[in-house]
Amino acid sequence: MLQINFIRENPEEVINRLKTKNFEASVLVDQIIGIDEKRRLSQTKLDDSLAEANKIAKSFGQLFKEGKREEAELLKVRTAELKIISKELSDELDASVLEMNRLLVQLPNLPHHSVPAGRSAADNENIFSEGRIPELGDFAVPHWDLIKKYNIIDFDLGNKVTGAGFPFYRGKGARLQRALINFFLDEGINAGYTEYQPPLVVNEASAYGTGQLPDKEAQMYAVPLDGFYLIPTAEVPITNIYRDVILKEDEFPIKNVAYSNCFRREAGAWGADVRGLNRLHQFDKVEIVQIRKPEDSYQALEEMRDYVTSLLRKLELPFRILRLCGGDMSFTSALTYDFEVFSGAQKRWLEVSSVSNFESFQANRMKLRYKDKTGKAIIAHTLNGSALALPRIVAALLENNQTENGINIPKALVPYTGFEVID
RNA sequence: GGAGAGUUGGCAGAGUGGUCUAUUGCGGCGGUCUUGAAAACCGUUGACCUGCAAGGGUCCGGGGGUUCGAAUCCCUCACUCUCCGCCA
């Protein structure tokens with residue numbers, strides 16, 4: 001959520017910059033500024049009313065001591081009046097705050113100046129490519145055939161036990177999963193990240209803190225009896241560690257890495273190109289999260305981009321990096337790099353990571369701040385990225401490394417899998 | 001799941017209806033002293049809203065209530081601890 005002070009002082013800039021995200025903000029901005037004025041007026045009037053009541057309450061003891069009983073009784077009447085007035089003003093204030101927040105959460109984050117304009121994924125800017133597009137033999141088949149051939153991932157079993165999109169991993173398939181998780185976590189630790197194991201369900205306040213609520217409620221599985229949500233990504237619990245926190249300057253930089261299962265309802269997102277591992281309701285992901293001072297956050301974003309690049313190199317997968325255009329960026333992001341690997345048998349690029357700087361957008365909503373040297377509380381910047389999401393990595397590894405006799409495991413992974421070939 | 005006890009500032013911990021503008025200690029920061037440091041001593045030390053400022057207001061786990069007045073009394077929810085039960 002954008003800061004109200006910034007909107008109040010720079011309404012034109014907000015409106016103009018959101019045009020890059022194809023978001024017409026002028027009506028919303030006007031409404032927000034209007035309700036903000038109303039809110040501040042209510043606050044001032046309420047303060048006056050409370051101040052008078054406090055003053056009267058304090059003079060009471062004195063009046064009784066001096067035996068001025070009648071005068072005290074008179075003040076009681078005034079206090080009763082003030083109480084009613086305060087209640088009205090307080091309700092008015094609450095309503096304004098509620099309405100202001102309802103409007104504020106509808107306003108997307110401002111895109112960074114480098115974000116290209118554009119409508120859809122077709123307008124994303126390809127800023128880097130590496131690796132050779134594999135030329136597979138005639139024997140090559142997509143991963144959904146390979147997993148059956150080698151009996152390593154079983155969708156039918158998942159259908160039986162749970163439902164579509166919840167596969168079982170079996171034998172070397174399960175070990176490959178475990179190997180990737182450990183590999184990604186170890187790499188993260190070596191890069192200076194602290195490993196966390198987060199809860200897989202979170203409360204409503206956390207879902208709100210990272211922006212899943214109120215807008216993306218349909219994306220999450222819910223546990224209504226307990227008021228919990230299954231996490232769609234480790235970003236939610238890991239970033240919410242810092243909800244309502246005021247950090248000290250020497251705690252920076254904060255760099256966390258966490259493996260978690262991720263649960264996504266993906267309502268209405270199913271189609272022809274989401275076969276096999278391309279889209280699941282439950283999948284595994286290792287996530288990196290950084291909390292930085294505003295002046296360091298873009299350097300941190302580049303650092304995260306380089307880090308994800310290093311992972312894909314070690315896995316020997318052909319990949320490209322896209323700078324997302326305004327139209328394809330998420331609501332909360334200021335700048336996002338997507339990583340796509342080429343999956344040889346499907347002959348298509350698969351998104352395996354999304355690295356974003358949210359600037360102060362999440363932190364403002366979560367009240368995540370730090371104190372600078374002068375003791376002033378400043379809103380921190382949050383960043384996160386996948387490093388990496390497993391299913392599509394697995395899909396590309398299986399497809400690109402297939403031979404007639406089996407699937408070769410990249411060298412960097414062999415110490416983790418304990419085998420070199422799936423056959 | 002049952003019974004009981006708790007939740008106060010960065011931490012510890014007092015306060016059980018009215019100068020609480022929350023005692024005190026530790027820690028932090030600044031200073032004096034010192035070649036330097038420690039010790040000692042002195043000072044300072046939260047967040048939020050509003051306001052150009054002066055100032056005003058709110059916050060003692062969350063929410064609600066009683067009262068002229070609530071950290072203090074009542075209701076409710078969450079969490080923590082102890083004991084019992086169950087259990088990987």
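Labels below follow one simple rule: chain letters A, B, ... track the order of the sequence lines, proteins then strands, and each chain is numbered from 1.
Nucleotides B/rC74 and B/rG10 have their C1' atoms positioned 33 Å apart, rounded to a whole Å. B/rU50 and B/rC33 have their P atoms separated by 44 Å, with the value rounded to a whole Å. Taking atom C1' on both nucleotides, B/rG61 is separated from B/rA47 by 15 Å, rounded to a whole Å. One P atom belongs to B/rC84, the other to B/rG18, and the distance between them is 40 Å to the nearest Å. Taking atom P in both B/rC60 and B/rG65, the straight-line distance is 15 Å, to the nearest Å. Between B/rA54 and B/rG36, the distance separating the two C1' atoms is 45 Å to the nearest Å. Nucleotides B/rU66 and B/rG56 have their C1' atoms positioned 27 Å apart, rounded to a whole Å. Rounded to a whole angstrom, the distance from the P atom of B/rG2 to that of B/rG85 is 16 Å.
Look at CD on A/E9: it is 14 Å from C1' on B/rG51, rounded to the nearest Å. Rounding to whole angstrom units, CZ of residue A/R8 and P of B/rC49 are separated by 10 Å. The nearest whole Å value for the distance from the CG atom in A/L89 to the P atom in B/rC49 is 20 Å. At whole-Å resolution of the value, CG in A/D244 and C1' in B/rA47 are 11 Å apart. A straight line from NZ of A/K87 to P of B/rG57 spans 20 Å, rounded to a whole angstrom. Atom NZ in A/K248 sits about 10 Å away from atom C1' in B/rG27, given to the nearest Å. Rounded to an integer number of Å, the gap from A/L247 CG to B/rG46 P is 18 Å. Counting to the nearest Å, the P atom of B/rG10 and the OH atom of A/Y370 are 19 Å from each other.
Counted by atom type alone, A/T382 and A/T239 present zero donor-acceptor pairs between their side chains at under 3.5 Å. No donor-acceptor contact under 3.5 angstrom links the side chains of A/E125 and A/Y337, judged on distance only.
A/Y208 carries A/R365 over the face of its six-membered ring, with the cationic atom under 6.0 Å from the centre and within 45° of the normal. A cation-pi arrangement is absent between A/K285 and A/Y259, since the terminal nitrogen or guanidinium carbon is not both under 6.0 Å from the aromatic centre and inside a 45° cone about the axis.
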Query - Secondary-structure notation, RNA chain B, from Watson-Crick and G-U pairs under 3.5 angstrom (| other strand) - result: ((((((((.[[[..)..(.....]]]((((((.......))))))(((((....))))).[[[[[..)....]]]]])))))))....
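In this structure, A/S360 and A/H381 approach most closely via the heavy-atom pair N-CD2, 3.5 Å.
Each of A/D338, A/T336, A/T233 was compared with A/S354 under the side chain to side chain donor-acceptor pair (under 3.5 Å) criterion, and only A/D338 meets it. Partner of A/Y150 under the side chain to side chain contact (heavy atoms under 4.5 Å, CB included) criterion, out of A/L398, A/D145, A/V421, A/I422: A/I422 alone.
Nucleic acid contact for A/R78: none, since no nucleic acid atom lies under 4.0 Å from a heavy atom of the residue. A/N54 comes within 4.0 angstrom of the backbone, heavy atoms only, and of no base. Within the 4.0 angstrom heavy-atom criterion, only backbone atoms of the sugar-phosphate kind lie near A/K371; the bases stay farther away.
With the nearest nucleotide of RNA chain B identified for both A/D47 and A/K367, A/K367 has the one nearer the 5' end. Nearest-nucleotide mapping onto RNA chain B: of A/T79 and A/L93, the residue sitting toward the 5' end is A/L93.
Among B/rU50, B/rC48, B/rG56, the nucleotide with an atom closest to any side-chain atom of A/R369 is B/rC48. With distances taken from any side-chain atom of A/K83 to the nucleotides B/rG56, B/rU67, B/rG51, the minimum falls on B/rU67. Counting only heavy atoms from C-beta on, A/I246 has its side chain closest to B/rA47 among B/rC68, B/rG51, B/rA47.
Between A/R40 and B/rC49, a side-chain N or O to OP1/OP2 separation shorter than 4.0 Å is absent.
If you look at A/Y229 and A/Y221, their ring centroids are not closer than 6.0 Å. With ring centers used as reference points, A/Y193 lies under 6.0 Å from A/Y307.
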Requested in this report: Evaluate the side chain to side chain donor-acceptor pair (under 3.5 Å) criterion for residues A/D284 and A/Q177: first the C-alpha distance (whole Å), next the side-chain angles of each, then the deciding distance (0.1 Å), finally the verdict.
Outcome: CA-CA 8 Å; A/D284 298 279; A/Q177 289 282 114; 2.8 Å; yes
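Here A/E9 pairs with A/N5 under the side chain to side chain contact (heavy atoms under 4.5 Å, CB included) rule; sequence neighbours left out.
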Polar atoms only, N or O, under 3.5 Å: list the protein pairs with nucleotides 72-79 of chain B and their distances.
none

